[in-house]
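Below is one structure; the comments refer to it alone.
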Amino acid sequence: MQSAEFRKRGKELVDYIADYMDTLHRRRVTPEVEPGYLSELLPKEAPKKPEEFNDIMKDVDRAIMPGITHWQHPNFHAYFPAGNSYPSILGDMLSNAIGCIGFSWAASPACTELETIVMDWMGKMIGLPREFLHEGGDGGGVIQGSASECVLVSLLVARHLAIRQLKSRLPYTEDGILLSKLVAYSSKLAHSCVEKAGMIGFVKMRQLDVDENFALRGHVLERAIEEDRRLGLIPFFVSGTLGTTACCSFDNLAELGEVCANENIWFHVDAAYAGNALICPEFQHLLKGIEKVNSINFNTNKWLQVNFDCSLFWVKDKDALTMAMTVDPLYLQHKHSDRAIDFRHWGIPLSRRFRALKLWFVIRTYGVDGLQHRIREHCRLAKLFETLVSGDNRFEVLGKVTMGLVCFRLKGNNSLTQKLLKIINESGKLHMVPALINEHYVIRFAICAENASQEDIRFAWKTISIIATDMLARKLSRYDSNIPLDNPSTESFADEEDDEVFPEFDNNIIFDNQRCNLQRARLRRNLFLKMVSDPKSYNPRVLKSLNFELGPRHRSKSLGGTDAMSLSPDFYFGTSI
């Protein structure tokens, strides 16, 4: 394709994208396809001869679009927002056209320098102390691909520092022996990427209980550290969370930071979603204690209208980060010889895209005021939805609604809440996902669309209410025909799983893959975090396609014959997405 055709096709594609965005509300939110559908629509072999662009676009409409889950749809309320906007798309287009690989200043000076500038812009916008900024001298920020990368990098830095410190005291002890003693901590509601980082880093990862507000507190961490030191372990890393995935709760940074400072432990904060809201001054109280944090990240590709991927990562000690990620001995000898930022040592990959460009486009197009308005509007709409839920005595809200997420359920009934979510998602009118919070199965309602409105929220609640009324009426008809069906109490039902009235639901499927997983889900993993990397836990079409059978259950020998089931590795760590 030459420039003349590129001009023509590029303009056509811009029109196609604009038309898609303008008419998105007319589409079904989720696709009606079975796993493997695409292999039936596309050839088994790649074409040997060039094909016309018009034919390619026809196949986009014929084969690709029917299998798309429309994350920008006004009725998409699953996961968290997948930020996107026209200026972000344009910035990405220009970045792709430039096509530089900005791993060092010399590889593309503007790529490196713009990143340092926008990272300082964003750091100031969310109220980070000066020591986290490039202009502060000792700290700085870099754009990573995802929060998972940020957590892993921070854990690796902490591990490097811990091993180096131990080697200075125990020079003749093998690194592997020292590594086996390291232990890291997070709350049990931390994202699964924290657990995965521990697995990749070959360190023990301990998940700690949260309080009644689903927050990790300092005294819990302090007690765990004391217990582990008595066992001969060496605490070295804590991952706190601002805005947990399941319910958007907030760990107590001030308490955790105090403990970490006293114990000389690296303290990282994952604020993947909620960190975006810190651009609004009314949310910056959540950063209380940030002066004792070593690193922090959040994803602008969630809530600041920047498309994936664009995760911002700051550290107070960039030399510690650089040293931990460096394998070049010449750089170690002359690390202060070049004042230019060298991002090749700031992350896992060497190659880096010019992601700062789209962030720069978005900040300049919306301005701080425009971005703050979007955050505040989403928070207002979440409070509206909370009011609607609270006004129906069949439902209850779990957790405090602080930002753009509401967790709700049918009162006192996990089974019916699970059934309700399945019916709603299969209707294609809305899309939401579940979470398991302290044994309560909840539906997560996230405000996601850039231009979400009150009409969208009222439509969503009306859809949920109508489906709930119909489902409960069918259920109640089995009990007593004299019970009013317009607004029955769900607590009149035991949390039984008799599905005769609901033959469309497999009796073996609840929460995870099979009914017997309920106990281990309660013990180990928030359902939503598992679901993110394992779609078969909530998508019946995927389950049907697998056609697996349950294996025998047995006691785990490794646990000394306790009541714990033996669990496969994928249960603990999930699979990557």
Side-chain angles (χ1 to χ4, degrees), residues 102-106 109 111-144 147 149-165 167-168 236-240 242 253-254 256-271 275 278 284 287-298 311-348 352 356 359:
F103 53 81
S104 68
W105 183 88
C111 178
T112 297
E113 295 196 15
L114 183 61
E115 187 160 336
T116 64
I117 290 170
V118 295
M119 288 299 298
D120 277 2
W121 281 8
M122 289 302 309
K124 294 174 183 177
M125 285 165 62
I126 68 172
L128 286 182
R130 182 178 174 82
E131 52 263 40
F132 282 95
L133 308 180
H134 288 284
E135 68 179 36
D138 294 331
V142 64
I143 301 178
Q144 306 279 12
E149 285 183 51
C150 299
V151 171
L152 176 59
V153 168
S154 61
L155 182 139
L156 294 178
V157 174
R159 190 187 71 173
H160 170 81
L161 293 175
I163 294 293
R164 188 174 67 176
Q165 185 179 42
K167 289 291 284 186
S168 67
F236 80 105
F237 178 78
V238 172
S239 183
L242 286 183
L253 300 194
L256 298 177
E258 187 71 27
V259 175
C260 290
N262 292 339
E263 299 286 347
N264 193 28
I265 292 173
W266 185 283
F267 185 24
H268 175 72
V269 174
D270 176 18
L278 298 176
Q284 291 182 4
L287 281 176
K288 182 180 179 182
I290 190 66
E291 67 278 359
K292 289 184 169 62
V293 169
N294 298 94
S295 55
I296 184 172
N297 71 271
F298 77 87
S311 186
L312 312 188
F313 177 58
W314 288 271
V315 292
K316 281 200 299 190
D317 186 353
K318 58 190 175 188
D319 278 348
L321 172 62
T322 303
M323 294 286 286
M325 305 300 291
T326 297
V327 295
D328 182 357
L330 291 178
Y331 183 84
L332 292 175
Q333 294 172 20
H334 306 290
K335 66 186 181 74
H336 296 297
S337 62
D338 188 353
R339 294 174 58 192
I341 294 294
D342 193 345
F343 282 141
R344 81 181 85 181
H345 306 289
W346 284 51
I348 302 301
R352 308 186 72 257
L359 180 57

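Residues Leu253 and Val269 are in side-chain contact: their nearest non-hydrogen atoms beyond the backbone lie under 4.5 Å apart. By the 4.5 Å heavy-atom criterion applied to side chains, Leu155 and Phe236 are counted as neighbours. Under the 4.5 Å side-chain criterion, counting only non-hydrogen atoms from C-beta, Lys292 is not in contact with Leu256. Counting only heavy atoms from C-beta outward, the side chains of Val315 and Phe132 never approach each other to under 4.5 Å. Inter-residue side-chain proximity for Asp138 and Lys316 is flagged as unmet; no heavy-atom pair is nearer than 4.5 Å. A heavy-atom distance below 4.5 Å is found between the side chains of His134 and Lys318. In this structure the side chain of Asn297 never reaches within 4.5 angstrom of the side chain of Leu312, judged on heavy atoms. Side chains of Thr116 and Glu135 form no contact here, defined as non-hydrogen atoms less than 4.5 Å apart.
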**OP:** Could you check Gln144 against Val142 for side-chain contact (heavy atoms from CB on, under 4.5 Å), going step by step and ending with a plain yes or no?
**Re:** CA-CA 6 Å; Gln144 306 279 12; Val142 64; 3.7 Å; yes

**OP:** Output, in order, the C-alpha distance, side-chain angles, deciding distance and verdict of side-chain contact (heavy atoms from CB on, under 4.5 Å) for Trp346 and Leu321.
**Re:** CA-CA 6 Å; Trp346 284 51; Leu321 172 62; 3.5 Å; yes

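Residue Ser311 comes nearest to Ala147 through the heavy atom pair OG-N, 3.5 Å, listed as atom of the first residue, atom of the second, then distance. Considering all non-hydrogen atoms of both residues, Leu133 and Gly123 come closest at CD2-CA, 3.9 Å. Smallest separation of non-hydrogen atoms from Val157 and Ala320: CG1-O, 3.8 Å. Taking all atoms of both residues into account, the shortest heavy-atom contact from Val153 to Gly347 is CG2-CA, 4.1 Å. Residue Val293 comes nearest to Phe267 through the heavy atom pair CG1-O, 3.5 Å, listed as atom of the first residue, atom of the second, then distance.
Distance check, rounded to the nearest 0.5 Å: CE of Met119 to CG of Leu114 gives 11.5 Å. Of the inter-residue distances, the one linking Ile126 atom CD1 with Ile296 atom CD1 reads 5.0 Å to the nearest 0.5 angstrom. Note: Leu156 CG to Glu149 CD = 11.5 Å, rounded to the nearest 0.5 Å.
The backbone N or O of Leu278 lies less than 3.5 Å from a partner atom in the side chain of Gln284, making a donor-acceptor pair. Panel note: side chain Arg352, backbone Thr112; no donor-acceptor pair is recorded below 3.5 Å. The backbone N or O of Ile143 sits less than 3.5 Å from a side-chain atom of Glu115, completing a donor-acceptor pair.
Residues that satisfy the ring-ring contact (aromatic ring centres under 6.0 Å, His included) test with Phe298, not counting sequence neighbours, are Trp314.
His268 and Ser295 form a side-chain donor-acceptor contact under 3.5 Å, judged by distance and modelled atom types alone.
Here side-chain hydrogen bond (donor to acceptor under 3.5 Å, both in side chains) pairs that include residues 154-163, with residues two or more places apart or in two chains, number zero.
For Lys288, the NZ atom is loosely surrounded, since the number of other residues' heavy atoms within 6.0 Å does not exceed 12.
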